[in-house]
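All figures in this text were calculated on a predicted structure; none of them were measured in a lab.
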Amino acid sequence: MKKIVILSASPRKMGNSDLLCQQFKKGAEESGNSVEQIYLYDKKIEFCRACYACFKTGKCVLQDDMSEILEKMQSADVIVVATPTYFMTMNGMLKNTIDRFLPKWRELDGHDVYLIITGHDGKEGLKLVGEELTGIFKNLGNNIKGIVWGEGVWQKGEVRETKAMSEAHQLGHNC
Ligand SMILES: Cc1cc2nc3c(=O)[nH]c(=O)nc-3n(C[C@H](O)[C@H](O)[C@H](O)COP(=O)(O)O)c2cc1C
């Protein structure tokens with residue numbers, strides 16, 4: 001049994017990336033894994049202050065939900081990162097969360113990582129998001145195992161009509 005944590009960066013519950021996360025979760029649970037989906041918008045996550053106190057103490061000076069999220073990521077076998085595309089990149093919620101990886105950036109390695117990316121553009125338009133997230137998580141020392149492209153979807157729920165649903169389910173099954 002693998003422990004899987006999903007970082008879900010969209011503010012839209014039942015939105016396109018959320019639905020793909022749920023499909024991934026369903027597939028992974030059907031294969032006997034334990035899955036927790038974290039809705040980042042429900043958490044208190046402040047901006048990194050670049051004070052570098054964490055370089056000395058290993059801890060962040062900010063008292064919010066980020067230390068708990070980092071602990072969950074560290075203890076997971078598999079990390080799923082889901083974001084809508086905002087102005088050709090990941091959304092601010094996810095970038096803010098990634099900046100807060102700083103206290104543990106040397107200890108977030110060795111995970112299998114899956115990416116879920118949505119946007120109204122076709123895959124060409126979402127490519128940059130995939131490249132950025134692949135670069136970031138590879139640099140931290142992880143393996144990118146798969147990407148679900150929720151392309152061509154704008155309104156909440158449109159992704160239901162696309163093949164990305166079954167792709168997310170399948171990746172969850174096999175993760
Ligand atoms: C501020 C903002 C910027 C956006 N920029 C892009 C973009 O550059 N490219 C794109 O394909 N979609 C863009 N979109 C559309 C969303 O990516 C799209 O609606 C996606 O399905 C949202 O995923 P969600 O339902 O998981 O929130 C943007 C949406 C918002 C709110």
For a quick test of reading the model, state the closest non-hydrogen atom pair linking [X] to [Y] and the distance between them.
{"X": "Gln23", "Y": "Ala168", "value": "CB-CB, 3.9 Å"}
{"X": "His111", "Y": "Gln74", "value": "CE1-O, 3.5 Å"}
{"X": "Gln155", "Y": "Asn16", "value": "O-ND2, 3.1 Å"}
{"X": "Cys51", "Y": "Val61", "value": "SG-CG2, 3.9 Å"}

Can you hop from [X] to [Y] via hydrophobic side chains spaced under 4.5 Å?
{"X": "Leu62", "Y": "Leu102", "value": "no"}
{"X": "Ile117", "Y": "Tyr86", "value": "no"}
{"X": "Val113", "Y": "Leu70", "value": "yes"}
{"X": "Ile69", "Y": "Trp105", "value": "yes"}
{"X": "Phe24", "Y": "Met14", "value": "yes"}

Please test His120 against Glu158 for side-chain hydrogen bond (donor to acceptor under 3.5 Å, both in side chains), starting from the C-alpha separation and ending with a verdict.
-> CA-CA 10 Å; His120 69 71; Glu158 264 177 21; over 6 Å; no
If you count heavy atoms of other groups shown closer than 6.0 angstrom to [atom1] of [X], is the number above 12?
{"X": "Phe55", "atom1": "CZ", "value": "yes"}
{"X": "Phe47", "atom1": "CZ", "value": "no"}
{"X": "Lys43", "atom1": "NZ", "value": "yes"}

Measure the shortest side-chain to side-chain distance between [X] and [Y] over non-hydrogen atoms and say whether it is less than 4.5 angstrom.
{"X": "Leu140", "Y": "Asp109", "answer": "no"}
{"X": "Met90", "Y": "Ile98", "answer": "yes"}
{"X": "Thr85", "Y": "Asp121", "answer": "no"}
{"X": "Ile38", "Y": "Glu36", "answer": "yes"}

Salt-bridge test for Asp64 and Arg100: reply yes if a basic N is under 4.0 Å from a carboxylate O, no otherwise.
-> yes
Decide side-chain hydrogen bond (donor to acceptor under 3.5 Å, both in side chains) for Gln37 and Asp18; before the verdict, give the C-alpha distance in whole Å, the side-chain angles of both, and the deciding distance to 0.1 Å.
-> CA-CA 9 Å; Gln37 185 174 351; Asp18 185 18; 2.9 Å; yes
side-chain hydrogen bond (donor to acceptor under 3.5 Å, both in side chains) partners for Arg49, two or more places apart | Glu46
Can you name the residues that form a side-chain hydrogen bond (donor to acceptor under 3.5 Å, both in side chains) with Lys2, not counting sequence neighbours?
-> none
Report yes or no: does Ser31 contribute a side-chain atom to a donor-acceptor pair with the main-chain N or O of Asn33 at less than 3.5 Å?
-> no
Under 3.5 Å, is there a donor-acceptor pair between the side chain of Asn142 and the main chain of Phe137?
-> yes
Show me, pair by pair, the donor-acceptor contacts under 3.5 angstrom made by side chains of residues 123-132, not counting sequence neighbours?
residue, atom, partner, partner atom, Å
Glu132, OE1, Thr89, OG1, 2.7
Glu132, OE2, Thr89, OG1, 3.4

Taking it one step at a time, do Ser75 and Lys3 satisfy side-chain hydrogen bond (donor to acceptor under 3.5 Å, both in side chains)?
-> CA-CA 8 Å; Ser75 69; Lys3 224 168 139 182; 3.3 Å; yes
